[in-house]
Amino acid sequence: MTSNAVPSNALLDVPPGLKGVAVADTELGSVRGFEGFYHYREFDAVELARSTSLTDVWWLLMHGSLPTAAQSASFEQEVGGNRVVDLDGGLVAAVASATTAPHLALMSLLPLVAPEGHPTTDLTDDERRVIASRLTAAVPTLLAATHRLRRGLEVVPPDPTLGHAADWIRMTLGEAVSPQRVAMVEAYLTATIDHGFNASTFATRVVTSTGADVAAALCAGIGALSGPLHGGAPSLALSMIDEIGDPSETERWVRDRLGAGHKIMGFGHAVYRADDPRSLLLREVAERHGGELVERAIEIEGRILAVMREWKPDAVIVTNVEYYAGIVLHLAGLTPDLFTSTFTVSRVIGWAAHLVEQAGNNKIVRPSARYVGPEPTRGVAPAVPA
Ligand code: COA
C-alpha cells in the first residue's frame, strides 16, 4: 500500500448530496454556475437552442459532432420511424388506466419497446446507440398516448414525417399547431436536454454501471426526474403568476409565502450564481410571442427578485428555468399537466447520451454509507422481542 492510499475500512467523507463532488469524467457538457453558462460538448447550449434543430443536437450528443446535411436528414427520418411503436393498444390502455401518473405509465411501457434486455455492458457502442435511440424516440409516443387515454380521448398515432417537437404537440393536443408554437417548444426541448450531473442523469449512469439493460437505465432517469425537487413541479411557477394576479400584489404575496416558510417557485438554483441562461433564453422566446401574460410575468419577475434580494441579501437568487418554461409551454398550447412529460421528452435524450458514455468506459458505481446505528454484536443470535 502506498503512503497516500486509503486504509481498507476508512471512508472518505463528502458533502451531503455529493454537492461539489466530481464522480465521473464526461465529454457531454457541464454547467458553469458562476459564469451563468452551460454547454453541450464544445458548444454553447443556448446558442444551439437558438440555431440548431432538436435532432441535430441529439445527434451531437450521441455521436460527438454536429451531423452533415445527409446525416441530419437520415437521423430525422430514423427518429420519426422510431416514434412508431408496435405495442398492443389494449395493453397501453390498461397501463394508462392502472397508473396514476404519466411517469409510472412510461416506466411500465418503455421496456416493452426494446424487450431484448441485453446487459448494456455486453453491447457495442453502436448497438447501445441504436437501442437507446429507439427507446428515446418512443417516449413522446407513449406519454402522449397515456395522456389522452387517461382523459378518455382517442390516441393520435405518430406522424414520422413531422419533426419530434411538432409530433409531440400534435400527439398530445390532437391537432397540429403553428410553426411558431412548434419553434417555442423546440427551443425549450433543446435547451433542457442536458444540464450537468443532475439527479436523473446520475441515476441513469448508476443503473447503467451495473450492466442493466438500456430500458432499465432510462427508467431510473424517469423515476428521478418525477420528483418535485427535480422536474416534477414545473407548473408551480405558472400557477404562482396566476395567484399573484396584479403585479402590484407581488411583494405582499411573496413576503407572505416566505414568512410561512415556502419556497418561491422559479427562483433560486443550486449551481447558478449568475443568471440561469435557460431562463434568459426562454424569457426571450416568451417576449417574442408577447401578450398580457408575458408582460405581467416580466413585471412580477422584477418585483420578486427585489424582494428576494432584500430577504436574503447575502445569497444570489436568480430566476431559474422553471419561471419562463411554464409560460413558454403554456403559450405553445400545452397544459400544465404536460409540463413534466415535455421535460422528460427532452431529458431522455441526455440520459441516453450519458448511458452510452458510461457503458463505453464503465466502472460500477458503488459508494459506501457511514453506519450510525447501535454498535453491532458479532456472532450473537438476536433474542425474540418480548
Ligand atoms: N424561495 C425561498 N428561499 C430560497 C429560494 C426560493 N426560491 N431559493 C433559495 N432560497 C434560500 C435557500 O433556502 C437558502 O436559504 P438558507 O440560507 O436559509 O439555507 C438561501 O436562499 C440560499 O440558497 P442557495 O444555496 O442559493 O440554493 P439552494 O441550493 O439551497 O436551493 C433550490 C436551490 C433550487 C432548491 C431553491 O432555490 C428552491 O427551492 N427554489 C424553488 C424551487 C424551484 O424553482 N426549483 C426549480 C429549480 S431549477
Side-chain angles (χ1 to χ4, degrees), residues 14-21 29-38 45-46 49 103 187-203 221 224-244 250-283 285-286 297 300-330 336 339-344 346-347 350-351:
V14 293
L18 300 179
K19 198 166 176 139
V21 176
S30 76
V31 180
R32 298 185 182 180
F34 283 88
E35 297 167 33
F37 175 70
Y38 74 114
V46 165
H103 66 277
Y188 166 81
L189 292 173
T190 308
T192 53
I193 288 177
D194 192 39
H195 200 243
F197 233 66
N198 56 85
S200 58
T201 297
F202 185 41
L225 187 76
S226 70
L229 299 184
H230 193 355
S235 60
L236 294 175
L238 185 63
S239 47
M240 173 182 74
I241 294 168
D242 217 38
E243 274 178 46
I244 291 176
T250 308
E251 289 79 1
R252 186 191 56 74
W253 192 94
V254 174
R255 286 192 188 113
D256 282 356
R257 298 288 295 175
L258 290 173
H262 295 293
K263 297 276 191 246
I264 306 302
M265 303 315 281
F267 292 84
H269 196 273
V271 178
Y272 284 118
R273 291 296 171 264
D275 283 324
D276 179 342
R278 301 165 304 171
S279 117
L280 298 181
L281 170 77
L282 295 175
R283 174 174 162 156
V285 170
I300 289 173
E301 178 194 16
R303 287 170 177 255
I304 292 178
L305 287 172
V307 177
M308 298 304 269
R309 270 194 298 272
E310 170 193 298
W311 179 70
K312 286 263 175 207
D314 297 331
V316 180
I317 298 183
V318 295
T319 313
N320 67 44
V321 63
E322 305 289 9
Y323 189 75
Y324 286 105
I327 292 168
V328 163
L329 297 180
H330 166 78
F339 291 177
T340 300
S341 294
T342 306
F343 190 8
T344 311
S346 65
R347 190 50 65 84
W351 300 332

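Remember, it's 1-based here, ligands and their atoms both numbered in the order they're listed.
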Between T340 and H103, does any side-chain donor sit less than 3.5 Å from a side-chain acceptor?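 The answer is no; no qualifying pair exists.
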
Determine, considering heavy atoms only, which of V318, V321, L258 sits nearest to atom 2 (C) of ligand 1.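 Heavy atom nearest to atom 2 (C) of ligand 1 belongs to L258.
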
Out of R273, H230, M265, who gets a non-hydrogen atom closest to atom 26 (O) of ligand 1?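 Looking at heavy atoms only, the winner is R273.
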
[atom] - nearest protein heavy atom and its distance:
atom: atom 27 (O) of ligand 1; result: H269 O, 3.8 Å
atom: atom 13 (O) of ligand 1; result: K263 NZ, 2.9 Å
atom: atom 34 (C) of ligand 1; result: G268 O, 3.8 Å
atom: atom 45 (N) of ligand 1; result: N320 ND2, 3.9 Å
atom: atom 40 (N) of ligand 1; result: F267 O, 2.9 Å
atom: atom 17 (O) of ligand 1; result: K312 NZ, 3.3 Å
atom: atom 1 (N) of ligand 1; result: I264 N, 2.9 Å
atom: atom 22 (C) of ligand 1; result: A315 CB, 4.0 Å

Looking only at heavy atoms, which two atoms of [X] and [Y] are closest? And how far apart?
X: L329; Y: T342; answer: CD2-CG2, 4.1 Å
X: E35; Y: A274; answer: C-CB, 4.1 Å
X: P277; Y: G36; answer: CG-O, 3.4 Å
X: Y38; Y: D194; answer: CE1-O, 3.8 Å

Using a 4.0 Å cut-off to any heavy atom of [X], which atoms of ligand 1 qualify?
X: A270; answer: 29 (O), 33 (C)
X: K19; answer: 29 (O)
X: M308; answer: 1 (N), 2 (C), 5 (C), 6 (C), 7 (N)

Checking heavy atoms under 4.0 Å, the part of I317 that sits near ligand 1 is side chain

Once you restrict to heavy atoms under 4.0 Å, what part of Y272 touches ligand 1? Side chain, backbone, both or neither.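 It is neither part, as no heavy atom is under 4.0 Å.
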
For [Y], does its backbone N or O pair with a side-chain atom of [X] as donor and acceptor, under 3.5 Å?
X: S239; Y: S235; result: yes
X: T190; Y: A187; result: no
X: Y323; Y: A297; result: yes
X: D276; Y: V321; result: yes

Any non-hydrogen protein atom less than 4.0 Å away from atom 15 (O) of ligand 1: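 Yes; the ligand atom in question has protein heavy-atom contact below 4.0 Å.
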
Any protein heavy atom lying closer than 4.0 Å to atom 6 (C) of ligand 1?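 Flag for atom 6 (C) of ligand 1 set to true, protein heavy atom closer than 4.0 Å.
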
Parallel, tilted or perpendicular: which one describes the rings of H195 and Y272, with boundaries at 30° and 60°? tilted

Do the rings of F197 and F202 sit parallel, tilted or perpendicular, given the 30° and 60° boundaries? tilted

Is there a heavy atom in Y323 that sits closer than 4.0 Å to ligand 1?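 It does not, in that no heavy atom of Y323 comes within the 4.0 Å cut-off of ligand 1.
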
